[in-house]
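Okay, structure first, notes after.
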Amino acid sequence: MTVYIYEQDLNPMKFSILTCPRQDRVVRLLAKEYGLSLQVMRKVMLGKLDMMLLENLPARYEAWRPENMEDDVLLSSIKPTLLSVAIPIIPEREMHRIMDNARQAVAGGLTPKDAAEKARKEIREVILA
Amino acid sequence: MNRRTVDVSIPLGPVHPCFKEPARIKCETRGEYVLSAEVELGYMKKGIERIMKGRPWQEVMFLAERVCGICSVIHNMVFIEAMESISAIEVPDRAAMLRVVANELDRMQSHLLANFSYCYTIEHETLAMYLLDQRETVMDMLERLTGARVTCAYIVPGGVRADILPDDMNFITSGLRELEKNISRYMRMFETAPLIGLRSRSIGNLTLEAASRAHAVGPTARASGINEDRRLFHPTYKRLCFQPVTRKEGDNYARIMVRFQEVMQSIGIIRQCLSGLPHGKVRGGGTCSAGAVRYSGEAPRGELTYEITTDDAGRVVEIAIQTPSIMNIEVCTHDLLTGAESIADVTSIFVSCDPCIACTER
């Protein structure tokens with residue numbers, strides 16, 4: 001969004017929202033899931049999500065429905081739509097690229113578990129970029 | 001911060017004649033088209049959850065209904081029913097029915113206020129004032145039942161604070177008759193007026209997928225075809241064979257019409273409760289004890305959730321409130337305002353979702 005020089009810094013308010021009990025629970029879960037520290041995950045969310053998305057974080061997390069994940073080991077361990085659609089901190093095209101790479105790695109002989117671990121590393125890189 | 005080419009960046013609010021409460025919408029436009037929108041909060045943060053912590057339930061019950069001045073009855077109801085659920089307190093049948101009456105009256109006044117705001121925003125002030133007049137009738141009914149207009153504190157653990165008197169029952173019954181006649185007329189006005197149609201039909205279309213993704217709730221979700229209503233799971237509403245109102249259009253028109261239809265539905269529910277009101281006491285008593293629960297109820301704007309942990313003395317140790325406006329404002333900002341065809345529709349789309357900033361900021 002456009003930055004107005006006369007506007008106040010919104011980060012303290014965003015941080016207050018993010019540290020509410022329900023939001024905090026979701027941030028801790030996501031940080032653990034993708035192998036990031038709590039502080040880093042908070043910083044990423046403060047930077048990439050606006051106030052309303054932060055307020056709605058727990059509801060979006062609960063409304064997220066894993067699709068066809070039981071049959072697909074890659075999908076169930078990477079959970080691509082969680083970070084690209086439900087809680088949009090990674091652009092969808094980036095997530096598609098990561099998933100394509102993981103699928104190619106599996107086709108090339110890598111075990112799904114190792115491919116998923118590699119994909120999660122890529123996700124961390126994209127988040128921190 | 002990414003740099004992008006935009007024509008104009010338009011801030012709406014925090015003080016805006018169409019908004020009931022302060023919020024700021026920042027819109028980036030190219031011509032009439034809205035490229036992106038963001039809602040800024042922080043103008044009326046109360047920190048009420050933090051104030052509630054460590055206090056006995058007797059105090060928190062009054063704080064709960066002060067989260068929102070428009071839907072205070074449901075905050076009172078959900079908090080008390082959560083406490084009852086923790087402490088296994090039974091509610092007498094008569095009190096359960098009276099709770100539904102109070103809740104439906106609250107829903108009616110909230111929906112009428114929301115539709116008033118919408119009509120006022122699209123500058124149909126005549127219909128807006130008619131609706132506000134009808135809301136006053138409902139507020140009078142609520143006052144006769146509970147003794148207060150806004151912060152009623154009517155619902156207490158194990159029942160309701162006071163029984164309904166025969167005079168008050170007659171007042172409500174005759175008021176409902178008048179209200180039904182008038183609201184039917186105003187619904188027809190809304191449905192058939194060509195200028196209202198131009199400002200409302202096919203404006204602010206919310207798809208079922210977007211509504212599900214953001215967990216939209218209440219009339220905003222039901223106007224997009226989502227058949228969800230917490231009243232379906234409430235024991236008293238189950239006895240009344242409640243079925244939610246849904247529509248498929250997903251536009252401003254559908255959201256307002258769902259509210260009108262729900263007002264008519266509420267009239268039917270109240271009549272059903274009053275005609276079949278069982279005899280007996282309205283306060284069963286009980287002691288609030290230790291425990292933890294997540295409890296949801298259907299507020300006028302949608303699903304309202306309280307997560308409460310209490311200690312042996314009934315003090316609230318932890319509390320988190322998820323109000324329906326959080327989900328609805330979020331979906332409105334990112335799926336309706338972003339991509340709106342005209343900047344002139346931003347206020348009407350926002351108001352059609354019935355945003356409550358007091359609830360959102362708590």
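It should be emphasised that the depicted structure is a prediction, and the values quoted were computed from it without experimental measurement.
Taken to the nearest 0.5 Å, the CD1 atom of A:I17 stands 8.5 Å off from the CZ atom of B:R362. Going from atom CZ of A:R22 over to atom CD1 of B:I321 covers 10.5 Å, rounded to the nearest 0.5 Å. The distance from the SG atom of A:C20 to the CD atom of B:Q322 is 11.5 Å, given to the nearest 0.5 Å.
The environment of NZ in A:K113 is sparse: at most 12 heavy-atom neighbours from other residues, nucleotides or ligands sit within 6.0 Å. Atom NZ of B:K46 has more than 12 heavy atoms from other residues, nucleotides or ligands within 6.0 Å. Within a 6.0 Å sphere centred on CD of A:E122, other residues, nucleotides and ligands contribute more than 12 heavy atoms. Taking a 6.0 Å sphere around NZ of A:K32, one finds it holds 12 or fewer heavy atoms contributed by other residues, nucleotides or ligands.
Close approach to chain B, defined as a heavy atom under 4.5 Å from one of its heavy atoms, is seen in A:V85 of residues 84-112 of chain A, taken by number. Along residues 49-58 of chain A, the residues that come nearer than 4.5 angstrom to chain B, judged on non-hydrogen atoms, are A:D50, A:M51, A:M52, A:L53, A:E55, A:N56, A:P58 in order of number.
Taking the charged nitrogens against the carboxylate oxygens, B:E307 and A:R25 do have a contact shorter than 4.0 Å, which makes a salt bridge.
Neither the backbone nor the side chain of B:T305 comes within less than 4.5 Å of any heavy atom of chain A. For a residue to count as touching a neighbouring chain, one of its non-hydrogen atoms must lie under 4.5 Å from one of that chain's; by this rule B:T333 touches chain A with the side chain only.
Per-residue counts of heavy-atom pairs under 4.5 Å with chain A were compared for B:E318, B:H334, B:E49; the largest is that of B:H334. The candidate from B:E361, B:R294, B:R50 with the greatest count of non-hydrogen atom pairs under 4.5 Å with chain A is B:R294.
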* Asked: Are B:R213 and A:R60 close enough, and set up right, to give a side chain to side chain contact (heavy atoms under 4.5 Å, CB included), and what steps lead you there?
  -> CA-CA 7 Å; B:R213 193 171 55 231; A:R60 284 185 85 99; 4.0 Å; yes
